[in-house]
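One structure below.
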Amino acid sequence: MDCNRVFVSKVKRLTIVFTLLIAFLSIKIDTFAQVDSAVVPVDSVVAGSAEAVSGEHGAANHGKEKFEPTKVIMEHIADSHMWHLWGHTSLPLPVILYTANGLEFFSSGHFHHGEHDYNGKYNNYRLEEDHIKVVGADGKIDEEASKSVLDFSITKNVAAMFVAIFVILVIFISVAASYRKRVGKAPKGLQSFMEPIIIFVRDDIAKPNIGHKYAKFMPYLLTTFFFILFNNLFGLIPIFPGGANVTGNIALTFVMALGTLIIVNINGNKYYWKHIFKPDVPFWLYPIMIPVELIGIISKPFALMVRLFANITAGHIIVLSLISLIFIFETLAIAPVSVAFVLFMDVLELLVAFLQAFIFTLLTALFIGMAVEEHH
């Protein structure tokens, strides 16, 4: 068989097929172009007629509120004067305001989800974007008067923190009572569950980083570890009493980092301060090294603050974004994919909850160890 003839035959067939394909595409493109040109006037006509019947047509669309994922996510991430339970049901929380005329106490339920103003004892108040503002006589927000009002309210994050503290107290008071009753005996029940974690904090965090002075700092390290852990775990629960972003609140992580800053520097020995103000470098490098060491005092707890805040907040945003996909696409077909990703992220967040409590406590122990380390 002549191979050259076969090859030429196949080339001819390919040429014919390719030509037909180009011709087909040309026809399709022309057809679509004609359809588009025909559709455009129709759209303009429809647009014009839509304006004419905007009352009826617009009213029909107006009833369907557009889903805004950014707004929904930020509402769940941010603090609030109400604790959302389900649907349009929320738990009102106490509002405590310090004004120039005195303190004011009332329930956030008076705002009716921000739809109504509340006439207080000294001012008229309005809830705008979860911030309480003073309303002037003209019905508009008085920004100057609002700045003079200090808000000490029990917000959702504060209430969630109280719940976590209550649970921690119940657990550890129960464990302490078990130790008193079962002196010299093997741990049992909740005691046997908590003891390995406490020993882990002592043997794997405190002792290796602080040394023989670890016992003095164990109460602070255990409190820090379990406070972060319980608040992280409660934050993963989507319904009451969970759902609050406590450890993702920069104010809380700031206070915790400030506590570490104070404990580290109060307990710093003479070698710690010598390392800062008289480092082992040539004298002419002091103008550089001393400011660097002073910045290091602040930057270490600053890193603690930002790390915890960013990791927890990012986790909440990712989970809420995946859930939002169902409402963005407006179809339940995406639900299995979205739910699968949410479950995966929740498992990952469970790991992050333990990991962030561990990292914060570990770095705190490390900073304390650097401050109390003896010179050899």
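Throughout, numbering of the chain's residues begins at 1 and tracks the sequence.
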Same hydrophobic cluster for Leu97 and Leu150, using side-chain heavy-atom links shorter than 4.5 Å among ILVMFWY? no
How many angstroms lie between atom CZ of Phe302 and atom CG of Leu258, to the nearest 0.5 angstrom? 13.5 Å
Please report the closest heavy-atom contact between Met82 and Ser90, naming both atoms and the distance. CB-CB, 4.1 Å
Beyond-backbone contact of Val95 with Ser107, side-chain heavy atoms, under 4.5 angstrom: no
Interatomic distance, Glu293 atom CD to Tyr272 atom OH [nearest 0.5 angstrom]: 9.0 Å
So which atom in Val134 and which in Val149 form the shortest heavy-atom distance, rounded to 0.1 Å? CG2-CG2, 3.7 Å
Under the ring-ring contact (aromatic ring centres under 6.0 Å, His included) rule, what pairs show up with a residue in residues 204-230, not counting sequence neighbours? Phe172-Phe226
Derivation and outcome, side chain to side chain contact (heavy atoms under 4.5 Å, CB included), residues Phe277 and Leu294: CA-CA 8 Å; Phe277 292 106; Leu294 288 173; 3.8 Å; yes
Working to the nearest 0.5 angstrom, can you tell me the gap between Ile205 CD1 and Leu222 CG? 9.0 Å
Just by distance, no angles: are the side chains of Asn267 and Lys216 close enough, under 3.5 Å, to form a donor-acceptor pair? yes
Are Ile199 and Met194 connected in the hydrophobic side-chain network, where two residues link if heavy atoms are under 4.5 Å apart? no
Verdict with reasoning, Thr247 to Gln356, per side chain to side chain contact (heavy atoms under 4.5 Å, CB included): CA-CA 10 Å; Thr247 45; Gln356 289 304 316; over 6 Å; no
Take Phe166 and Leu169, measure what side chain to side chain contact (heavy atoms under 4.5 Å, CB included) needs, and give me the verdict at the end. CA-CA 5 Å; Phe166 174 75; Leu169 286 175; 5.8 Å; no
Between Leu304 and Thr260, what is the shortest heavy-atom contact and its length? CD1-CG2, 3.9 Å
Measure from the side-chain N and O atoms of Arg202 to the backbone N and O of Ala206, and report whether any donor-acceptor pair falls under 3.5 Å. no
Pairwise distance CD1(Ile359) to CZ(Phe354) - rounded to 0.5 angstrom: 13.5 Å
Could you state the interatomic distance from OG1 (Thr223) to CE (Met218), rounded to the nearest 0.5 Å? 9.5 Å
Close side-chain approach of Val281 to Ile288, heavy-atom, < 4.5 Å: no
Please confirm whether the backbone N or O of Gly102 pairs with a side-chain atom of Thr99, one donor and one acceptor, at under 3.5 Å? yes
State, yes or no, whether a side-chain contact exists between Leu261 and Ile297 at a heavy-atom distance under 4.5 Å. yes
Could you check whether any side-chain heavy atom of Ile154 comes within less than 4.5 Å of a side-chain heavy atom of Phe162, counting everything from C-beta outward? yes
Side chains of Thr155 and Asp79 only: does a donor on one sit below 3.5 Å from an acceptor on the other? yes
Given side chains that start at C-beta, do those of Val347 and Phe344 come closer than 4.5 Å, heavy atoms only? no
Mind checking whether Leu252 and Val352 sit in one hydrophobic cluster, side chains of I, L, V, M, F, W, Y counted as touching below 4.5 Å? yes
State, with a plain yes or no, whether a side-chain heavy atom of Tyr179 is found less than 4.5 Å away from one of Gln191. yes
How are the rings of Phe358 and Phe200 set relative to one another: parallel (under 30°), tilted (30 to 60°) or perpendicular (over 60°)? tilted
Closest approach of Phe360 to Thr364 (non-hydrogen atoms, all atoms of both residues): O-OG1, 2.8 Å
Please determine whether residues Phe234 and Ile197 belong to a single hydrophobic cluster, defined as Ile, Leu, Val, Met, Phe, Trp and Tyr linked transitively by side-chain heavy-atom distances below 4.5 Å. yes
Have Glu104 and Tyr118 got a donor and an acceptor in their side chains that come within less than 3.5 Å? no
Distance, nearest 0.5 Å, that separates CD1 of Ile312 from CD of Glu349: 6.0 Å
Do the two ring centres, one from Tyr125 and one from Phe111, sit under 6.0 Å apart? no
Take atom CD of Glu129 as the centre, draw a 6.0 Å sphere, and report whether it contains more than 12 heavy atoms from other residues, nucleotides or ligands. no
So which atom in Pro94 and which in Ser153 form the shortest heavy-atom distance, rounded to 0.1 Å? O-CB, 3.6 Å
Smallest separation among heavy atoms of Asn157 and Val246, with atom names: O-CG2, 3.7 Å
Answer yes or no: is there a side-chain heavy-atom contact under 4.5 Å between Asn245 and Thr313? yes
Do Lys133 and Asp142 meet the salt-bridge criterion of a basic N to acidic O distance under 4.0 Å? no
More than 12 heavy atoms of other groups within 6.0 Å of Lys274 NZ: yes
Are Ile237 and Ile171 connected in a single hydrophobic cluster, I mean Ile/Leu/Val/Met/Phe/Trp/Tyr linked by side-chain heavy atoms less than 4.5 Å apart? yes
Within a radius of less than 6.0 Å around CZ of Phe193, do more than 12 heavy atoms belonging to other residues, nucleotides or ligands occur? no
With side chain to side chain contact (heavy atoms under 4.5 Å, CB included) as the criterion, how do Asn232 and Leu236 come out once you've worked through the C-alpha distance, each side chain's angles and the decisive distance to 0.1 Å? CA-CA 7 Å; Asn232 286 349; Leu236 295 178; over 6 Å; no
Just checking His84: does its NE2 atom have more than 12 heavy atoms from other residues, nucleotides or ligands closer to it than 6.0 angstrom? yes
Side-chain heavy-atom pair Val170, Ile173 within 4.5 angstrom cut-off: no
Examine the side chains of Asp151 and His81 and answer whether a donor and an acceptor come within less than 3.5 Å of each other. yes
Set of residues satisfying ring pair (Phe, Tyr, Trp, His ring centres under 6.0 Å) with respect to Tyr286, sequence neighbours excluded: Phe283
